[in-house]
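Note sheet for the following structure.
Convention: sequence-line order gives letters A, B, ...; per-chain numbering from 1.
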2 protein chains.
Amino acid sequence: MPITKTTSFNQKQNALAHVAKALGHPARIAILQVLMEQETCVCNDIVMQLPLAQATISQHLKVLKDAGLVKGEIAPNKSCYCINPEGWKLAKVILGDFMEAYEDQATDLCCD
Amino acid sequence: MPITKTTSFNQKQNALAHVAKALGHPARIAILQVLMEQETCVCNDIVMQLPLAQATISQHLKVLKDAGLVKGEIAPNKSCYCINPEGWKLAKVILGDFMEAYEDQATDLCCD
DNA sequence: TATCACCATCGTAATTTTGCGATGATATAA
DNA sequence: TTATATCATCGCAAAATTACGATGGTGATA
């Protein structure tokens with residue numbers, strides 16, 4: 001595979017793709033929803049609420065952490081895993097800006 | 001892999017993940033940006049503007065079509081590939097709703 | 001008809017993702 | 001000290017993604 005993904009595109013494109021990719025799996029969406037509903041940051045309720053093994057959840061959480069959507073203080077026993085407000089806000093802006101960039105002025109001009 | 005992704009999660013979660021996944025690759029972002037800048041729907045400028053083979057672009061376009069973000073009338077010669085206004089709007093809502101669902105009320109409560 | 005431009009699809013190879021059991025590490029509770 | 005609970009990580013297997021060359025199909029053009 002000659003083309004190396006990350007070097008061929010600019011920073012914005014890579015950043016956007018990175019966040020979107022993290023959201024690109026239903027399990028990860030479900031995990032985020034659990035974290036949203038959770039007032040306290042107590043964790044591992046995730047494992048109970050989802051039909052996935054603990055190792056799998058942990059893996060998904062890592063992806064979400066890498067994307068900056070989640071942060072976690074791994075204080076064993078008093079575990080803490082929650083949404084990263086800064087990262088979330090940034091993701092919202094990045095995604096929002098991109099989606100807003102297209103205004104459907106061409107609705108009637110385009111294709112059929 | 002016992003758990004079959006699509007059956008274990010609800011419709012909304014799958015729909016969201018599906019769109020996000022389509023956005024989860026820099027090449028696809030770049031393709032959409034080309035389509036956004038393109039007033040006319042003339043295509044294959046994409047192939048010229050990106051460092052990817054035609055077959056690869058075509059594959060990415062298929063992913064974007066499946067996600068409803070792009071539509072294409074394959075009228076040979078007078079080709080037409082453009083952003084799908086309806087699908088785009090829907091994606092914007094789906095993504096937007098999800099990202100808005102989290103308000104950072106817990107910024108100070110959470111973790112550290 | 002033969003050629004050209006445009007695009008989908010097939011076949012293939014490398015890489016990445018996904019999922020899970022097993023294992024280890026760490027702090028608390030018994 | 002000995003469990004127990006919580007979570008990360010390793011190792012493995014199956015599946016999906018990514019990229020490309022080659023091929024084929026189709027409409028316009030020479």
Side-chain angles (χ1 to χ4, degrees), chain A residues 1-9 13-14 17-18 20-31 34-35 38 40-67 70-82 111, chain B residues 1-9 13-14 17-18 20-31 34-35 38 40-67 70-82 111:
Chain A
M1 266 184 292
I3 305 289
T4 20
K5 225 157 88 165
T6 2
T7 56
S8 304
F9 303 95
Q13 290 166 334
N14 286 322
H18 191 215
K21 190 171 191 177
L23 296 175
H25 195 290
R28 257 168 261 147
I29 299 297
I31 289 175
V34 172
L35 290 179
Q38 215 79 19
T40 65
C41 300
V42 190
C43 199
N44 202 349
D45 310 274
I46 302 171
V47 181
M48 306 307 292
Q49 295 193 40
L50 299 188
L52 292 171
Q54 183 263 325
T56 307
I57 302 279
S58 194
Q59 236 172 225
H60 281 306
L61 279 169
K62 191 177 182 181
V63 175
L64 291 170
K65 257 199 294 186
D66 285 344
V70 156
K71 69 176 175 180
E73 228 63 44
I74 316 117
N77 187 18
K78 203 160 198 174
S79 73
C80 169
Y81 244 135
C82 56
C111 294
Chain B
M1 267 185 288
I3 304 289
T4 22
K5 224 157 89 164
T6 3
T7 57
S8 305
F9 302 94
Q13 290 166 334
N14 285 324
H18 191 212
K21 191 172 190 176
L23 296 175
H25 194 289
R28 256 167 264 148
I29 299 297
I31 289 175
V34 172
L35 290 179
Q38 214 79 18
T40 66
C41 299
V42 191
C43 201
N44 201 348
D45 309 274
I46 303 170
V47 181
M48 305 306 293
Q49 294 193 42
L50 299 188
L52 292 170
Q54 183 263 326
T56 307
I57 301 281
S58 194
Q59 234 172 230
H60 281 306
L61 278 169
K62 190 177 182 182
V63 175
L64 291 170
K65 258 200 292 188
D66 285 345
V70 154
K71 70 178 175 179
E73 228 63 45
I74 316 117
N77 187 15
K78 203 160 198 175
S79 75
C80 170
Y81 245 135
C82 55
C111 295

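Comparing dT18(D), dG19(C), dA8(C) by their nearest atom to the side chain of Thr56(A) picks out dG19(C). Minimum atom distance to the side chain of Leu52(A) is reached by dC20(C), of the listed dA19(D), dC20(C), dA8(D). The side chain of Ala55(A) has dA22(C) as its nearest neighbour among dA8(D), dC7(C), dA22(C). Distance from the side chain of Arg28(B) is smallest for dT17(D) among the nucleotides dC20(C), dT17(D), dA19(D). Comparing atom distances between the Gln54(A) side chain and each of dA19(D), dC7(D), dA16(D) picks out dC7(D) as nearest.
Within the structure, a side-chain polar atom (N or O) of Lys21(B) is placed less than 4.0 Å from OP1 or OP2 of dT17(D). At dA8(D), one or more side-chain N or O atoms of Ser58(A) fall inside 4.0 Å of OP1 or OP2 (strictly under the cut-off). Between His25(A) and the phosphate of dG19(C), there is a side-chain N or O to OP1/OP2 separation shorter than 4.0 Å. Not one side-chain nitrogen or oxygen of His60(B) sits closer than 4.0 Å to the OP1 or OP2 atom of dT17(D).
As rounded to whole Å, 14 Å separates atom P of dT6(D) from atom CD1 of Ile57(A). Atoms NZ (Lys62(B)) and P (dT18(D)) sit 13 Å apart, rounded to a whole Å. Atoms CG (Leu61(B)) and C1' (dC6(C)) sit 13 Å apart, rounded to a whole Å. We find that CD1 of Ile46(B) is positioned 12 Å from C1' of dC6(C), with the value rounded to whole Å. Rounded to whole Å, atom P of dT16(C) lies 14 Å from atom CG of Asp66(A). In this structure, Leu50(A) atom CG and dT18(C) atom C1' are separated by 15 Å, rounded to whole Å.
When the nearest nucleotides of DNA chain C are assigned to Asp45(B) and Gln59(A) by heavy-atom distance, the more 5′-ward of the two goes with Asp45(B).
Between the side chain of Arg28(A) and the backbone N or O of Ala17(B) there is no donor-acceptor pair closer than 3.5 Å.
The two residues Ala27(B) and Leu52(B) come nearest to each other via the heavy atoms CB-CD1, 3.6 Å.
Using a 4.5 Å heavy-atom cutoff, the side chains of His60(B) and Thr56(B) are in contact. Side chains of Tyr81(B) and Gln38(B) form no contact here, defined as non-hydrogen atoms less than 4.5 Å apart.
Taking the six-membered ring for Trp and thresholds of 30 and 60 degrees, His25(A) and Phe9(B) have ring planes more than 60 degrees apart, a perpendicular arrangement.
Among the heavy atoms of the strands lying under 4.0 Å from Ala53(B) are primed sugar atoms or P, OP1, OP2 only; no base atom is included.
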